[in-house]
Amino acid sequence: MIEPLDISHVQLRDRPLIVCDIDEVVLEFISPFTAFLRANNHDLLPRSFRLHGNIVSLLDGSEPGDDAIAAFQESFFGSQDLWQTPAERALETLEALSEDADVVFLTAMPPRHQTVRRTLLDRLGFAFPMIATEEPKGPVVAQLHGNRTLPVVFLDDIQRNLLSVREHVPDCFLVTMMANADFRAFAPPPAEGIVSANDWDDAARLIRKHIGRMA
Ligand SMILES: [Mg+2]
């Protein structure tokens, strides 16, 4: 049994809840990570829906091993405030939705990088609470939502995370979306119970329809 996370910094009001992934949903990840790799003599090629196997050396075309890729990710997240930018219309859409719902960020980034991410989010104007954990997302959303009967929504670009939430919070409205169009083209089709949004305007329309129907 995994210990519940300390999420005491998240205070929910008596209204719908929107739990939102960050990388590729609120902040661009693929494009800035590609720029970071190019600054380090590598590139990320959109050949399939994964990082491993698609990172290549610009010097000799070789593919770095798992340890080297992990080192790149560690270095990128440590300096993410120099690279990452908001996904198109994420800020204004979340601000509008937050008039009717609580918004909480749930990111699978290692918690050791949460200070630099918090600083970046604040600088960009995303003043919503954040939980950073490498634990499966389903139990975290279940812990947040508890026994509430209010609508709950979860957005993410990774099907594994959406399926985890589907398992642990069966009444959650699940939305898949991804900022990067090159890699989105390789995304697996959404599983049963998951709806796909093309962009933030589309996501807002789906979320409002769900919240309105549940209200
Ligand atoms: Mg993501």
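Every number for a ligand or one of its atoms is a count from 1 in the order of the listing. Atom set for the values below is all heavy atoms of this structure, side chains included, hydrogens, waters and symmetry mates excluded. Given the structure is predicted, the values throughout are model-derived calculations rather than measurements. Residue numbers start at 1 and run along the sequence shown.
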Test of understanding: with ring pair (Phe, Tyr, Trp, His ring centres under 6.0 Å), list the residues that count as partners of Phe186, not counting sequence neighbours. none
In one Ile/Leu/Val/Met/Phe/Trp/Tyr side-chain cluster, 4.5 Å: Leu174, Ile131: yes
Suppose the cut-off is 2.8 Å; which protein N/O/S atoms would you list for the Mg ion (ligand 1)? Asp21 OD2, Asp23 O, Asp157 OD1
Quick check: does any side chain N or O of His52 sit under 3.5 Å from a backbone N or O of Gly65, one acting as donor and the other as acceptor? no
Let me check something: do Val26 and Phe33 share a hydrophobic cluster, defined by ILVMFWY side-chain heavy atoms less than 4.5 Å apart, either directly or through other members? no
Per-pair distances, 0.1 Å, donor-acceptor, side chain in residues 102-111, under 3.5 Å, sequence neighbours excluded:
| residue | atom | partner | partner atom | Å |
| --- | --- | --- | --- | --- |
| Asp102 | OD1 | Arg15 | NE | 3.0 |
| Asp102 | OD1 | Arg15 | NH2 | 3.2 |
| Asp102 | OD2 | Arg13 | N | 2.5 |
| Thr107 | OG1 | Met109 | N | 3.4 |
| Thr107 | OG1 | Arg117 | NH1 | 3.0 |

With Ser48, which residues qualify under side chain to side chain contact (heavy atoms under 4.5 Å, CB included), at least two apart? Arg50, Asn54
